[in-house]
Amino acid sequence: MRFLVIQHAACEPPGAYEEEMRARGIAAERIEVDRGDPVPDWRGFDAAVVMGGPMGAADDEQLPWLTREKQQLSDAVRAGLPYWGVCLGAQLLAACLGACVYRGARPEIGIYDDVELTAEAGHDPVFAHAPARITTLQWHSDTFELPAGARRLATSAAYANQAFAWRRAYGLQFHLEASAELAATWLEVPDYAAEARRELGSQALERLAGTLYELGGAPPLARELFGRWIEHVVRPARAPAAAREPGAGAL
């Protein structure tokens with residue numbers, strides 16, 4: 001299999017998801033769109049993995065390439081390409097499906113243990129066997145409405161839509177892929193550190209750094225869910241995906 005990995009920031013790689021791809025021998029072509037990398041035709045891939053970034057899903061005026069990316073991702077998802085979106089990737093998925101993306105009541109930056117699965121998750125091929133409550137890294141200010149026809153899979157008191165699925169596309173607001181080591185590198189990125197201080201207070205980085213050990217169970221769960229998505233969503237979709245011919249669909 002061959003996956004297209006779209007990064008919007010060098011410091012936000014696929015993490016545990018990449019580990020699972022490597023373990024399964026999946027070829028991943030990684031594109032960093034914020035650095036101007038051209039994105040190849042999505043029709044040449046079995047799935048798309050779309051990661052997070054500091055920009056917003058509606059920042060088209062500042063980042064004109066976002067408009068084209070959203071249009072092409074919309075085409076890909078509606079054509080049936082399996083999609084796994086994380087944080088900004090989830091927000092872009094919602095936007096591509098016509099849902100509103102907007103600033104939430106308060107930012108979530110840090111380790112949270114209040115993400116809960118919904119009843120619908122119990123019938124989902126990816127989330128059915130996940131724990132009812134998840135501890136994970138959050139780093140976002142924006143949220144989104146649930147797209148028409150989507151299934152809400154996870155929620156929290158502060159943000160109703162923490163994970164959802166639409167056909168073969170999945171969006172996760174939270175960063176299960178981030179290990180304590182990966183999260184620690186975010187604290188060294190000046191813009192990320194400044195955001196944490198601004199939203200959480202001057203001692204935020206020290207407090208957050210002291211809680212990163214709580215992420216020990218997140219990467220294994222990320223690999224489990226991602227592996228189930230590969231087995232139950234991507235593999236069944238491979239035959240029609242292989243039948244698509246490359247055309248004028250480059251991002």
Side-chain angles (χ1 to χ4, degrees), residues 1-8 12-31 39-52 72-90 92-94 96-97 115 117-118 120-131 134 136-137 150-154 162-179 182 215 217-244 246 249 251:
M1 286 188 284
R2 186 168 176 248
F3 285 11
L4 172 62
V5 177
I6 299 179
Q7 280 188 223
H8 298 91
E12 297 199 34
Y17 302 132
E18 185 170 18
E19 294 176 6
E20 187 65 19
M21 285 186 273
R22 287 176 177 170
R24 292 172 176 266
I26 295 171
E29 183 168 341
R30 187 186 310 198
I31 305 301
V39 181
D41 188 342
W42 56 265
R43 293 172 179 84
F45 297 88
D46 294 295
V49 179
V50 184
M51 301 305 300
Q72 297 302 323
L73 289 178
S74 176
D75 292 345
V77 168
R78 293 177 188 279
L81 185 74
Y83 179 107
W84 188 269
V86 177
C87 198
L88 174 62
L92 289 173
L93 175 60
C96 288
L97 296 174
V115 174
L117 298 194
T118 65
E120 285 187 287
H123 305 287
D124 182 79
V126 175
F127 278 80
H129 300 289
I134 295 172
T136 184
L137 177 67
R151 309 185 307 279
R152 182 184 288 114
L153 302 175
Q162 289 282 359
F164 72 98
W166 187 86
R167 300 183 186 175
R168 293 171 177 157
Y170 283 71
L172 284 66
Q173 180 60 73
F174 43 90
H175 292 277
L176 272 181
E177 80 284 357
S179 63
L182 176 57
L215 291 176
L221 179 58
R223 291 189 60 171
E224 177 185 339
L225 294 177
F226 194 64
R228 292 182 61 82
W229 175 71
I230 292 170
E231 291 296 332
H232 296 283
V233 178
V234 180
R235 286 193 184 280
R238 289 191 72 195
R244 293 194 296 263
L251 292 178

A178 to A218 - nearest heavy-atom pair and separation: O-CB, 4.4 Å
Any donor-acceptor pair under 3.5 Å from R151 side chain to D124 backbone: no
Side chain to side chain contact (heavy atoms under 4.5 Å, CB included) assessment of Y83 paired with L4: CA-CA 10 Å; Y83 179 107; L4 172 62; over 6 Å; no
Whether over 12 other heavy atoms sit under 6.0 Å from R2 CZ: yes
F45 and W42 aromatic centres sub-6.0 Å: no
Backbone N/O of G227 and side chain of Y17: donor-acceptor pair under 3.5 Å: no
I6: which of L73, V49, L92, L88 passes side chain to side chain contact (heavy atoms under 4.5 Å, CB included): L73
For P14 against V5, the heavy-atom pair lying closest together: CG-CG1, 3.5 Å
T136 side-chain N/O to F174 backbone N/O, donor-acceptor pair under 3.5 Å: no
Atom of Y170, atom of W229 and distance for their closest heavy-atom approach: CD1-CD1, 3.7 Å
Residue of the set E19, E20, E18, R24 for which side chain to side chain contact (heavy atoms under 4.5 Å, CB included) holds with R22: E18
Smallest separation among heavy atoms of L221 and P131, with atom names: CD1-CD, 3.7 Å
Partner set under side-chain contact (heavy atoms from CB on, under 4.5 Å) for A150, not counting sequence neighbours: L146, P147, F164, W166
Residue list, ring pair (Phe, Tyr, Trp, His ring centres under 6.0 Å) with F127, at least two apart or on another chain: none
Smallest separation among heavy atoms of E12 and M51, with atom names: O-CB, 3.7 Å
Minimal non-hydrogen separation, H175 against V86, with atom names: ND1-CG1, 3.7 Å
Residues L153, L117; criterion side chain to side chain contact (heavy atoms under 4.5 Å, CB included); working and verdict: CA-CA 6 Å; L153 302 175; L117 298 194; 5.7 Å; no
By salt bridge (Lys or Arg N to Asp or Glu O under 4.0 Å) - contacts of E120 (at least two apart): none
